[in-house]
Every structure is written in C-alpha cells, then in structure tokens.
Protein chains: 2
Amino acid sequence: MESQRLKRPNIKKIAEMAGVSYGTVSRVLNNSPLVKEKTRKRVLKIIKEIGYTPNPVARALKNKSTYTIGLIITNMIYPFFPQIVQGIEDRAAQENYSVIICDSQGDKEKEAQRLMSLVSRRIDGLIAAPIDDPENNNLECYRSVIKRGIPIVLLNYYLPIPECDFICVDDKPAAEIAVEYLIELGHRRIAFFHDVFSRSNNRLLGYQEALRRHNIPFDESLVFARDVKKEGIRLSIGDELDGYNFCERMLKLSPVPTAIMCSNDAIAIGAYRRLAEVGLRIPEDISVIGFDNVSYSNYLYVPLTTVSQPTYEIGKMSFELLMERIKEPKQKAKRILVQAELVKRRSCGPVREEEVIEIGKGIEV
Amino acid sequence: MESQRLKRPNIKKIAEMAGVSYGTVSRVLNNSPLVKEKTRKRVLKIIKEIGYTPNPVARALKNKSTYTIGLIITNMIYPFFPQIVQGIEDRAAQENYSVIICDSQGDKEKEAQRLMSLVSRRIDGLIAAPIDDPENNNLECYRSVIKRGIPIVLLNYYLPIPECDFICVDDKPAAEIAVEYLIELGHRRIAFFHDVFSRSNNRLLGYQEALRRHNIPFDESLVFARDVKKEGIRLSIGDELDGYNFCERMLKLSPVPTAIMCSNDAIAIGAYRRLAEVGLRIPEDISVIGFDNVSYSNYLYVPLTTVSQPTYEIGKMSFELLMERIKEPKQKAKRILVQAELVKRRSCGPVREEEVIEIGKGIEV
DNA sequence: AGGGGTTATTAAAATGTTAAAATATGCTGT
DNA sequence: ACAGCATATTTTAACATTTTAATAACCCCT
C-alpha cells in the first residue's frame with residue numbers, strides 16, 4: 001500500500017538495462033579484470049546515469065565484512081574523548097568504514113550490553129576504552145568478542161587479553177617531565193593531586209621518579225586523593241570539586257607546598273579556585289601544573305601549564321592499528337605508548353623565598 | 001584455508017538440532033503466536049545452549065530495516081555535543097538501535113561525503129546538526145536523503161525542507177530572561193558578545209527584546225562580533241580568544257558597560273581573563289553572564305552565571321522524534337523548542353554606583 | 001573443419017533471514 | 001467417514017549481492 005520507502009535500483013536492473021548478466025555488473029563494481037573494457041564502460045555509464053549504489057547490507061551478507069567498527073568509550077563528556085572519537089571517525093571515513101558509537105557512561109551493565117549488541121551486529125572490529133576498574137570489567141565479555149573473531153584495540157585501559165592491541169599515552173614520563181620542570185624551578189615540596197582512574201597511578205610513579213632522580217624524599221602526606229569515606233563512592237573522573245577539596249586539605253599542611261602537580265586540568269581548575277579564595281597568587285605563591293590541556297586551560301586567569309595528550313592523533317592511530325589487525329589477524333599484539341608534551345604557560349614560577357606564607361587574607365568571594 | 005573468522009551457527013543449524021524447519025525457528029525468534037508452546041520451548045532451549053544470535057545483516061536485507069541511525073554533528077569538540085550524543089546513544093540503545101557517528105568538523109565536503117555514505121548504508125533515519133552557514137549547506141544532499149525515504153531530525157540548525165523535524169533550544173527567551181535578570185539588578189548599559197553561529201542571532205533578539213521591554217534604547221556599539229577583516233575567516237564557534245578580544249574592545253568604550261551578556265561560556269571565560277588583567281572585579285565592577293553551562297563554569301575564580309541547555313534531554317528527545325517519524329512517516333513535521341534555564345551563580349551583582357571606573361591598575365600578569 | 005587454449009559472459013548456488021503459500025494435523029459435527 | 005475448519009508446521013520464494021562453475025566466443029594452428 002503505502003510503501004513509503006522508494007524502491008531503489010538494484011544490480012539486476014542495471015544488468016537488464018546494460019543487456020548483460022548481473023554477475024558481470026558485479027565484476028564491474030569490484031574492478032575485476034575479467035571484463036572487457038567496452039562492456040565495463042557501458043555498465044559504468046548506466047550506473048552513473050541511474051545513480052545506483054550497491055546495497056552494502058547484501059554485500060555484507062555475502063562477504064561477511066560489514067565495513068563497520070564499534071567504538072565504546074567510558075564517557076563522552078570526559079574532555080579527551082571527543083577528540084579521540086573525531087580522530088577515529090575521520091580516519092575511518094577515509095577507509096570507507098563507519099563507526100558505531102557506544103558510551104558505557106562508566107556503567108558496567110551498559111558496557112556489557114553494548115558489547116553484546118556490537119558483536120551481534122557483526123562489526124569488523126572494535127576500539128574500546130574499558131571501564132577503569134580492576135575488580136569487574138566485563139573481562140569475559142571482551143574475551144567473547146575475541147572468540148567471535150572480532151579484533152579489539154584497547155584504548156587507555158589495558159585488559160589482560162593477549163590478542164588485544166593497546167594504545168595509550170605514556171603517563172609516567174609525561175608526569176616525570178612536568179615534575180622535573182617544577183624541580184628545576186627550585187621546588188622541592190610538591191603536592192600531587194590524584195585522579196580516580198588508574199592511569200593516575202602511572203602519573204604518580206612519574207612524580208616519584210622525578211623526585212628520586214633529584215634526591216628529594218617522597219612524602220606520602222603530599223599526595224591527595226578522593227576521600228571515599230567522607231564523600232561516598234563517586235565514579236566520575238577527578239573533577240573541579242576534587243581539586244577544590246584537595247587544595248583545601250593541602251593548605252592545612254605546614255609548611256604549605258610550593259607547587260601542585262594535578263592529574264588533570266579539571267582538578268587544577270578546582271585548585272585555582274580555592275587558591276583564589278584564600279588569596280594565594282599563582283605562580284608567585286604557588287605553582288600549578290595540570291594534565292590534558294583542555295580548551296579552557298589557556299584562558300584561566302592565569303594560563304595553566306599542563307601536559308598535552310595528542311588526542312586526535314591517538315584516535316587516528318587506534319583506527320590504523322585496528323585496520324592492520326583486520327587485514328592481518330594473526331600478527332602479534334602491539335602495545336603503543338604515545339608521547340605527551342609539556343606546554344609551558346604562566347602557572348609555574350620559581351619557588352618563593354620566604355619560609356612561610358600567609359593564608360586567609362583572600363580576595364573577596 | 002585460514003578462514004579465521006569463526007563460523008557462527010545459523011538458523012538452519014538451530015532448526016536441524018531442534019528437528020524443525022527454519023521457518024519455525026524464525027517464528028520463535030519473532031515471537032509469532034503461530035507456534036506451539038512445546039516447540040517454542042524446545043527451540044528456545046537450543047538457541048540458548050548454543051548461544052545463537054540471529055544475523056542482523058541478513059535480517060536487514062530481508063526487512064529493509066537496519067536498526068541503525070546516522071548522526072552527523074558539526075564538531076564533537078563543541079561542548080554541548082558530547083552530551084547530546086550521549087542522550088541519543090543511550091535512548092537508541094534502549095530501542096536496540098545503533099548509532100553511526102559522523103563529524104563534519106564544519107567542513108562542507110566532509111558533510112556531503114558523510115551524508116552520502118550514510119544513505120548508501122541504508123540507515124533507517126538521520127539526526128543531523130547541519131553546518132551553520134546560510135550560503136551553502138549541502139541542502140541538495142539533505143533533500144536527496146529525504147527523497148530516498150530516510151527521515152531526518154534536524155538539530156540546532158534549521159534547513160528549509162518541509163519533511164524534516166526540528167529540535168533546538170529556544171534561544172530568544174533564554175537570552176531574554178538572562179538579560180532581564182541583569183536589568184533587574186539595575187544594569188542599563190549591557191554589552192552583548194556575539195557568537196559566530198546563527199543561533200546567536202536569536203540570542204541577540206532576546207537581548208533586544210529584554211531591553212525594549214524595559215525601555216532601554218538599543219545601542220549597536222555595545223554589540224561585539226568577530227572582526228573578519230582583522231582576523232580573517234575562522235569557522236570555529238566563538239571561543240576564549242573572541243571573548244578576550246571583544247572585552248578588550250569593549251573596555252575602550254566610555255562609559256564602560258556595567259554588564260556583559262555572552263553568547264557562550266568560552267567567550268565569557270575569555271572576557272574573564274581580560275577583566276582580570278585589567279583589574280576589574282566580577283561582579284563588583286562588572287557583571288557577566290554566559291551561555292551553555294559547561295562543566296568548568298561553576299569553578300572559575302568567580303562562578304559564572306549562565307544559561308543551561310538541557311543537552312542530554314535534547315539528545316534523548318531528538319531520538320524519540322526520529323522514532324516517531326520512522327513509525328509514522330507521513331505525519332506532519334514537528335518543530336520543538338526546548339526551554340533553557342538561567343543558573344544564577346556569582347558573576348552578577350547590582351550595578352555599581354560610581355559613574356566611571358578606573359582601568360589599568362590590574363593584577364599583575 | 002576440428003581441436004586446444006584463452007578470455008568474456010552467463011547461469012546457478014550461496015549468504016541468513018522473513019513472509020507468503022502450501023501442506024499436514026487434529027478436531028467437530030453431520 | 002468425511003467435509004469444514006482451526007491450528008501447527010514446512011516449503012518455497014524473495015531480499016541484493018558475490019563467487020563458482022559452466023558455457024560461449026574468439027583466435028590460432030594444424
């Protein structure tokens with residue numbers, strides 16, 4: 001009756017119009033050399049005339065390749081993901097792949113559900129940023145994806161599955177360079193503001209390594225992390241509130257540290273706020289370094305020195321990694337660590353001379 | 001030879017194992033009432049045992065419905081998109097739809113290419129945020145999508161295609177309320193910082209309407225927009241740099257306005273920075289309002305009063321709109337304007353008393 | 001004219017599913 | 001016992017493509 005959907009021309013119709021069998025048309029479509037130049041041209045002309053595009057679902061049925069990949073991320077609103085997604089999508093489009101996006105929102109059930117949905121859709125491959133939680137990370141689900149013959153590239157968080165490729169920023173040396181920069185400026189009492197996700201551990205390791213290299217003893221009381229007892233469990237990545245709270249706690253220390261290494265920019269911005277409230281100037285009284293180089297970090301009232309991850313590039317590379325594996329499924333799994341870069345702005349300065357600083361005369365808020 | 005990919009069980013195999021024809025299995029799968037309870041159970045048991053999932057590509061071939069929608073946005077890194085995408089994806093997953101994501105990156109050729117790719121993939125519907133440019137917006141491409149019988153829900157930017165649904169935040173009253181709030185605080189000389197995208201015009205209209213309602217004459221010299229001659233054409237959405245530049249220009253006015261209405265938060269943060277440089281206090285010397293309520297806006301050194309768009313909700317609604325249309329293709333196109341909300345924080349205060357303010361003694365930078 | 005050997009084309013089978021048509025089964029009332 | 005009917009199941013065709021095997025066309029050579 002109301003067959004709304006326009007009937008599209010199919011290969012049969014093209015064949016008929018060109019006076020040739022549909023096998024031949026198929027050959028033309030697939031650039032087979034087994035077709036005479038003259039017929040090829042004739043067929044091509046008709047195809048163009050009529051605006052025919054081969055039906056990818058029929059194609060997929062026959063070829064078992066859907067030219068579709070899955071992408072599952074922990075949370076779209078974490079600032080590094082959008083660019084990663086962009087990198088993946090852009091590169092995928094170049095290769096005529098489509099990407100199905102899934103956002104687990106840090107929810108294990110959603111992650112499992114999305115995973116199953118993707119495999120049932122017969123994706124050709126998967127790029128996945130698993131939920132960052134050593135306890136329960138749907139490991140079996142991921143394994144079953146591999147068992148179905150679908151290759152996986154792991155992003156940001158490693159899972160112990162030997163067949164998976166892995167790509168991530170190399171957090172340890174990145175943090176190390178940042179902290180070293182602070183040390184060179186004369187700082188010796190440097191606080192570390194922890195994030196909740198496990199990569200932050202590597203950043204802490206980098207922090208420790210930098211200290212060690214300069215013979216500065218590690219002082220555990222300078223490391224701040226979310227207080228689960230007080231706040232209850234929050235699953236979100238470290239945010240402005242964390243930075244604010246850490247900073248508040250830190251300022252009770254005596255002497256107050258002269259610099260802060262933050263595990264991300266949101267934490268840094270929270271620290272900024274507390275520092276402003278209490279009248280501490282950046283960088284004269286205290287230096288701050290962030291991580292991620294989010295868009296606004298250059299436009300805070302004191303532009304933030306921070307570690308920049310090449311997010312777009314990472315996205316691009318992860319797709320390329322996946323392509324390689326789709327083409328060559330049995331090669332050995334790769335692990336790629338991407339170099340980050342310290343971008344120096346205004347939030348770090350030489351250590352102050354005086355021993356003690358005055359707190360509390362803060363700007364009015 | 002190396003048929004890497006594991007051969008999955010198909011409906012035929014299930015049928016065979018259950019000692020029944022595959023038509024029957026198909027019926028079981030589709031919850032047809034025309035199958036006896038006993039056989040249904042037997043079949044279901046086998047299906048579960050063997051972990052069979054029906055092949056969606058074969059299904060799609062037969063049914064002409066792929067359970068896949070396309071989503072094309074202008075740029076992933078604009079702060080409102082991630083949440084919109086999240087809303088769409090989440091709602092789609094509930095209905096067993098997958099979302100193919102495309103990012104035009106504000107590039108017309110990419111937009112056209114993605115559009116064609118999506119239709120050739122036989123998506124069931126499209127949610128699109130077209131590139132914001134009245135000159136050339138691939139209108140014909142969008143039309144041809146409709147002609148192929150694929151319904152479109154337009155997001156944020158309207159295209160003159162009568163068959164398309166449309167959803168967007170209602171910018172004019174949102175801005176109006178914000179400006180009215182400033183007026184109530186006693187401000188009469190209020191600057192407007194324009195964004196480059198056309199919805200900003202509606203925000204300007206709201207600004208004007210609020211003025212009119214309170215008998216404040218509109219002064220064009222208080223409206224700031226990107227200076228194409230000086231800067232050349234930049235296609236990106238209004239950013240921190242714009243806010244910084246606008247503010248610099250504004251501060252040359254005499255008398256200096258007592259409040260700024262910004263068309264987005266990034267612009268506001270740029271203004272913040274210039275104000276800090278020049279020693280102007282917020283809100284004592286000058287009030288600022290933003291638009292978007294991005295995550296950091298609550299954690300600037302003065303928390304920003306801003307207009308909050310219900311982005312997740314918008315995403316959810318746009319998917320629902322699309323679903324309705326897929327089910328009922330010939331209903332009249334809908335246009336939905338979503339209410340935004342003013343979130344009051346600390347960046348606005350009563351107008352200052354003195355006539356002239358002193359500029360230039362700013363905090364050191 | 002009749003092989004032998006390429007090369008180009010066609011016909012047919014296969015991919016995994018659904019839906020329509022055909023058939024089988026069982027029951028009721030005569 | 002059988003028509004008439006409802007219910008359950010199977011067969012078959014269709015969906016749009018690719019691929020394999022079969023065939024036709026062509027050329028060259030004796």
Side-chain angles (χ1 to χ4, degrees), chain A residues 1 3 5-44 46-47 50-67 119-122 124 148-149, chain B residues 1 3 5-44 46-47 50-68 96 119-122 124 148-149:
Chain A
M1 290 287 104
S3 132
R5 192 145 270 168
L6 210 111
K7 166 91 176 167
R8 304 231 203 148
N10 59 13
I11 202 172
K12 222 167 189 165
K13 178 148 185 187
I14 303 294
E16 194 175 288
M17 291 180 72
V20 76
S21 83
Y22 37 101
T24 305
V25 178
S26 171
R27 284 224 186 69
V28 172
L29 255 19
N30 295 292
N31 297 314
S32 159
L34 300 87
V35 50
K36 206 162 37 173
E37 198 46 35
K38 214 175 103 189
T39 25
R40 176 191 303 281
K41 268 191 185 152
R42 183 154 40 101
V43 172
L44 245 26
I46 307 247
I47 286 178
I50 214 163
Y52 162 79
T53 59
N55 185 329
V57 355
R59 219 171 218 187
L61 180 60
K62 184 70 205 174
N63 295 344
K64 275 135 179 47
S65 165
T66 53
Y67 275 76
V119 314
S120 88
R121 279 193 181 261
R122 313 308 204 249
D124 289 351
R148 296 291 197 180
Chain B
M1 291 285 105
S3 131
R5 193 147 267 166
L6 210 111
K7 166 93 179 166
R8 305 231 205 147
N10 59 13
I11 202 171
K12 221 167 189 166
K13 179 148 186 188
I14 302 294
E16 193 175 289
M17 292 181 71
V20 77
S21 82
Y22 37 100
T24 305
V25 179
S26 172
R27 282 224 186 70
V28 172
L29 254 20
N30 295 290
N31 296 314
S32 160
L34 299 87
V35 50
K36 207 160 38 172
E37 198 47 35
K38 214 175 100 191
T39 25
R40 176 191 304 282
K41 268 192 184 147
R42 182 157 38 101
V43 171
L44 245 27
I46 306 248
I47 286 177
I50 213 162
Y52 162 79
T53 59
N55 184 328
V57 353
R59 224 172 212 184
L61 179 60
K62 182 69 203 173
N63 295 344
K64 277 141 177 42
S65 165
T66 53
Y67 274 75
T68 303
N96 270 303
V119 314
S120 87
R121 279 195 183 259
R122 313 307 206 251
D124 289 351
R148 297 290 197 181

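Below, all heavy atoms of this structure are taken into account, side chains as well, without hydrogens, waters or symmetry copies. So you know, we letter chains A, B, ... as the sequences are listed, proteins then strands, and number each from 1.
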For [N], does OP1 or OP2 lie under 4.0 Å from any side-chain N or O of [X]?
X	N	answer
B/Thr24	D/dT10	yes
B/Lys64	D/dA16	yes
B/Asn10	C/dG16	yes
A/Arg59	D/dT18	yes
A/Ser26	D/dT19	no
A/Tyr52	D/dT17	yes
B/Asn30	C/dT18	yes

Rounded to whole Å, please give me the gap between [atom1] in [X] and [atom2] in [N].
X	N	atom1	atom2	result
B/Leu61	C/dT18	CG	C1'	10 Å
B/Ile14	C/dG16	CD1	C1'	12 Å
A/Asn55	D/dT17	CG	P	5 Å
A/Leu34	C/dA11	CG	C1'	16 Å
B/Arg40	D/dT9	CZ	P	10 Å
A/Ile11	C/dT9	CD1	P	15 Å
A/Tyr22	D/dA16	OH	P	12 Å
A/Lys38	D/dA25	NZ	P	14 Å

- Task: Nearest-nucleotide wise, let me know which of B/Ala58 and B/Val20 is further upstream toward the 5' end of DNA chain D.
- Result: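 On the 5' side of the pair lies B/Val20.
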- Task: Go through the N and O atoms of the side chain of A/Arg27 and the base of D/dT19, and report whether any donor-acceptor pair is under 3.5 Å.
- Result: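 It does not, because no donor-acceptor pair links the side chain of A/Arg27 to the base of D/dT19 below 3.5 Å.
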- Under-3.5 Å donor-acceptor pair between A/Lys62 side chain and D/dT17 base: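 Answer no: no donor N or O sits under 3.5 Å from an acceptor.
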- Query: Should A/Glu16 and A/Lys13 be marked as a salt bridge (Lys or Arg N to Asp or Glu O under 4.0 Å) after you check the CA-CA gap, both sets of side-chain angles, and the distance that decides it?
  - Reply: CA-CA 5 Å; A/Glu16 194 175 288; A/Lys13 178 148 185 187; over 6 Å; no
- Message: Set out, in order, the CA-CA distance, both residues' side-chain angles and the distance that settles side-chain contact (heavy atoms from CB on, under 4.5 Å) for A/Ile47 and A/Leu29, then state yes or no.
- Response: CA-CA 10 Å; A/Ile47 286 178; A/Leu29 255 19; 3.5 Å; yes
- Message: Here's a test of your reading of the structure: between A/Val35 and B/Lys12, which maps to the more 5' nucleotide of DNA chain C?
- Response: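 The answer here is A/Val35.
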- Message: Please report the interatomic distance CG(B/Asn55) to NZ(A/Lys64), rounded to the nearest 0.5 Å.
- Response: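 Nearest 0.5 Å value for the CG-NZ distance: 7.0 Å.
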- Give the C-alpha distance, both sets of side-chain angles, the deciding distance and a yes or no for side-chain contact (heavy atoms from CB on, under 4.5 Å) between B/Leu34 and B/Arg27. CA-CA 7 Å; B/Leu34 299 87; B/Arg27 282 224 186 70; 4.1 Å; yes
- State, to 0.1 Å, how close B/Arg40 and B/Ser32 come at their nearest heavy-atom pair, and which atoms those are.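 Looks like NH2-O, 2.8 Å.
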- Message: Nearest to the side chain of B/Ser21, heavy atoms from C-beta on, is which of C/dT18, D/dT10, D/dT18?
- Response: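 Nearest nucleotide to the side chain: D/dT10.
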